[in-house]
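Report on the following structure.
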Amino acid sequence: MKSLKLISSAIAMLICFVSMAQERTITGIISDETKQPLPGVTVINQTTKANTYTNFDGQYSIQAKTGDMLVFSFIGYKSQSQKIQNSNIINIKLLPDNQTLSEVVVVGYGTAHSEYEDRSYARAERKREKKDAKQALKGKVAGIQTQNSIAYSAMPAPIAIRGNATISPKNEPMYIVDGVKVKANQMAKINPNDIDNVSVLKDQAATSIYGNKASNGVVVISTKNEIYKNLSEKELDKKLNIMPIPTEPTQEDYDAFVENAFESPKTAPLSTFSIDVDNASYTNIRRFLNNGQKVPKDAVRVEEMVNFFKYTYPQPKNEHPFSINTEVSDSPWNSNSKILKIGLQGKNIPTEDLPASNLVFLIDVSGSMEDMNKLPLLKQSLKILVNELRSKDKVAIVVYAGAAGMVLPPTSGDEKKTIINALDNLQAGGSTAGGAGIELAYKIATENFIKSGNNRVILATDGDFNVGSSSNSDMEKLIEEKRKTGVFLTCLGYGMGNYKDSKMEILADKGNGNYAYIDNIQEANRFLGKEFKGSMFAIAKDVKIQIEFNPKQVQAYRLIGYENRKLRPEDFKNDAIDAGELGSNHTVTALYEIIPTGVKSDYLAEQPDALKYTKTENSSTNYSNELATIKFRYKKPDGDESIEMVQVIENKSVILEKASDDMKFSSAVAWFGLKLRDSKLIADKSSKEIIKLAKQGNSNDGEGYKAEFIRLVETSK
């Protein structure tokens, strides 16, 4: 009996130990003392050193186990710790750290100390530190939020004064320097050694003095000897060495293409294309909009915008590496059309089951990479990826400028300090021998090839190759040859002004690869950290889609986007033709616009006369319950022969109001992309309606990316 009790006790202790050791997802909302959500709060698990940030709605999600200690910290607020116990939901209220505050009243363009207890005012004295003007505010005034500007060399880090929902260009406060109203980029360039003091006015006190334009608060800066007083905007720019940002990028390079037109299933019964998991176009567009620049038409690839976002497709339940999901609803931009959505969901493979990685970082260290949003951001980005590596993984580093060379031989993933030190030592200078760099990187990757492993070159550059094989056709031939080695390619694009998107897209498309544009450190964290498995581990390659539309139900159709990914019908079964790759847990979405039979449309071309010798439809069978038949072909990552899947799409449509959130949001993103391209095939170009539809479909947005999209549409009006 006694031994039985001992056994029971041991089992109970074991269960307790297992439950304590089991890692789980902790979520919650961080708010201030007024119950307003706080974006950008840092959440750190002190035990595992994992960290995350709250999204625009103050929400966070982090992995932890019982007994771990979470620390919540935010500029201008007291840090708070919380030990993990039984609950998976921990909501935290942060209180202002008032110890750094003294009070002032801002009167017109000056400041005066207050004898009153009015908490609407706050003053921040500048300490004699070598920081820029915005950093002088950081941590000194409760409710001031500043955003890291490592990604932006041409634009300043945004500031928000608490009381506004987010950090965005629309929420920027007014800036007054020596009695002169200045722009954010001018204020950011002021020499901190010239600043005498910094004051902040917010809430009703700001608008009572400066009117509605000060609704986001006022930042008042006084310099020694008032050196900027009475200067005009041009004089300020000259004094601060500010070069104007062009309304359009004059040295950036994008491949021109014509958007897909409507086609008749009677004359073009098959639509064939390669999947595209890239999303560089969206982050590049985001960069233009955040900088207040006009978006170049050819920078907009609608499919990459749609595929930036993740959708809630189910995991595959059979032997295939992805599930197939279809939905039909109304077109939001053309009232007489329908939208067919095709969604693929890649199988989620646990990290411990992923194969070993053989990675070669191929880094551009030429002179064009010296800007803050290029090589410095690049190094910080790759450190995020290094933190994801395991002991069985290995990394080599190749750099190129006037010539190419290896700066780190293949090194185990657990030697993170060695890898990071090699990254830190990189400096920019010289010309760009991109071709030589690619040759050397693939040579090292093939020499260290891991059979059934993840063999990949990661190219990080602004794409400005100007030595050796520099033309797009030369680069295409080179990378197609290297593709035969079985080594995959990931292209990471950085920078602005001279950015060569066309080269990056060619390299990724022709090199068994994917392509991302890193516009800030948050995007690096998303692509190389949170979505590491999907970005770096292919579970299927050369994935092709072919749809046969039923002419009894479909009068005309057009593929939304994928202009550079279209294939000939005969390419579908040709295993020598390259196509896109799908990563672990990756989603791919494609949209078709369909004009049903019997419907009048302004976008239909003249229908051809009936063909005499060729019949393109089987009149003996109606297939009234079928809209289309869809086929997929893919290869295993180390395979040479493709596998085919077939699925029938029912002739069944739901009204847009009852469609899934995924259908609503993906349609809104495509709609915005078509508007940016100034498409001639959409009747309604209302930003208001795009925003309305996006909001209706905004769900499962833990990271805040969908909310950010809505704000981008708002700022682009």
Side-chain angles (χ1 to χ4, degrees), residues 19-97 100 135 138-139 141-151 157-160 162 164-168 310 351 380-381 383-388 416 520-533 699-708 711:
S19 64
M20 287 181 65
Q22 188 174 13
E23 198 172 64
R24 60 187 194 271
T25 301
I26 306 298
T27 61
I29 298 175
I30 312 300
S31 58
D32 62 11
E33 76 281 8
T34 65
K35 297 184 179 180
Q36 182 178 356
L38 289 173
V41 176
T42 302
V43 184
I44 298 177
N45 184 332
Q46 279 194 329
T47 306
T48 65
K49 306 304 179 185
N51 68 86
T52 187
Y53 301 90
T54 56
N55 64 17
F56 299 107
D57 299 314
Q59 300 170 340
Y60 74 93
S61 174
I62 194 168
Q63 294 296 309
K65 57 182 180 295
T66 303
D68 287 356
M69 183 69 73
L70 298 185
V71 178
F72 305 85
S73 58
F74 191 56
I75 297 166
Y77 288 79
K78 295 179 181 178
S79 295
Q80 189 168 326
S81 301
Q82 180 69 46
K83 193 172 184 178
I84 302 298
Q85 296 179 346
N86 296 326
S87 177
N88 291 337
I89 300 176
I90 298 178
N91 298 323
I92 297 292
K93 182 171 73 174
L94 295 182
L95 299 176
D97 186 356
T100 59
Q135 294 303 312
K138 196 171 181 179
V141 180
I144 294 290
Q145 304 167 29
T146 66
Q147 193 178 69
N148 190 337
S149 64
I150 188 171
I159 288 177
R162 185 162 53 83
N164 301 306
T166 64
I167 299 177
S168 73
K310 301 306 172 190
T351 302
Q380 295 299 321
S381 302
K383 288 177 185 178
I384 293 171
L385 192 154
V386 170
N387 287 331
E388 299 291 333
K416 291 179 172 52
N520 55 41
I521 196 65
Q522 289 81 12
E523 176 60 18
N525 190 53
R526 183 192 74 87
F527 186 78
L528 298 173
K530 296 170 184 175
E531 298 182 10
F532 173 71
K533 293 193 297 183
S699 61
N700 300 304
D701 189 31
E703 302 296 332
Y705 295 121
K706 294 179 180 178
E708 179 191 49
R711 277 183 282 275

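Rounded to the nearest 0.5 angstrom, Glu523 CD and Glu531 CD are separated by 8.0 Å. Taken to the nearest 0.5 Å, the CD1 atom of Ile84 stands 11.0 Å off from the CD atom of Gln63. The CG atom of Asn51 sits 6.5 Å away from atom CD1 of Ile62, with the distance rounded to the nearest 0.5 Å. A distance of 13.5 Å separates CD1 in Ile521 from CZ in Arg526, rounded to the nearest 0.5 Å. Rounding to the nearest 0.5 Å gives a distance of 11.5 Å between CG of Asp32 and CD1 of Ile30. Here CG of Asn91 is found 10.0 Å from CD of Gln82. Values are rounded to the nearest 0.5 Å.
Smallest separation of non-hydrogen atoms from Ser81 and Met69: CB-SD, 3.8 Å. Here the shortest heavy-atom pairing between Ala64 and Leu70 reads CB-CD2, 4.4 Å. Residues Leu94 and Lys78 approach most closely at CD2-O, 3.6 Å, considering heavy atoms. In this structure, Thr52 and Ser61 approach most closely via the heavy-atom pair CG2-O, 3.5 Å. Of all heavy-atom pairs spanning Thr351 and Lys533, the tightest one is OG1-CD, 3.6 Å.
A donor-acceptor pair shorter than 3.5 Å cannot be found between the side chains of Gln85 and Thr66.
Inter-residue side-chain proximity for Ile26 and Tyr60 is flagged as met; some heavy-atom pair is nearer than 4.5 Å. Within the 4.5 Å cutoff, side-chain heavy atoms of Lys416 are placed close to those of Asn387.
Between the side chain of Thr54 and the backbone N or O of Val41 there is at least one donor-acceptor pair closer than 3.5 Å. One N or O on the side chain of Asp68 and one on the backbone of Lys65 form a donor-acceptor pair closer than 3.5 Å.
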**Study point:** From CA spacing to verdict: salt bridge (Lys or Arg N to Asp or Glu O under 4.0 Å), Glu703, Lys310
**Key:** CA-CA 11 Å; Glu703 302 296 332; Lys310 301 306 172 190; over 6 Å; no
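Residue Lys530 qualifies as enclosed at atom NZ: its count of foreign heavy atoms under 6.0 Å is above 12.
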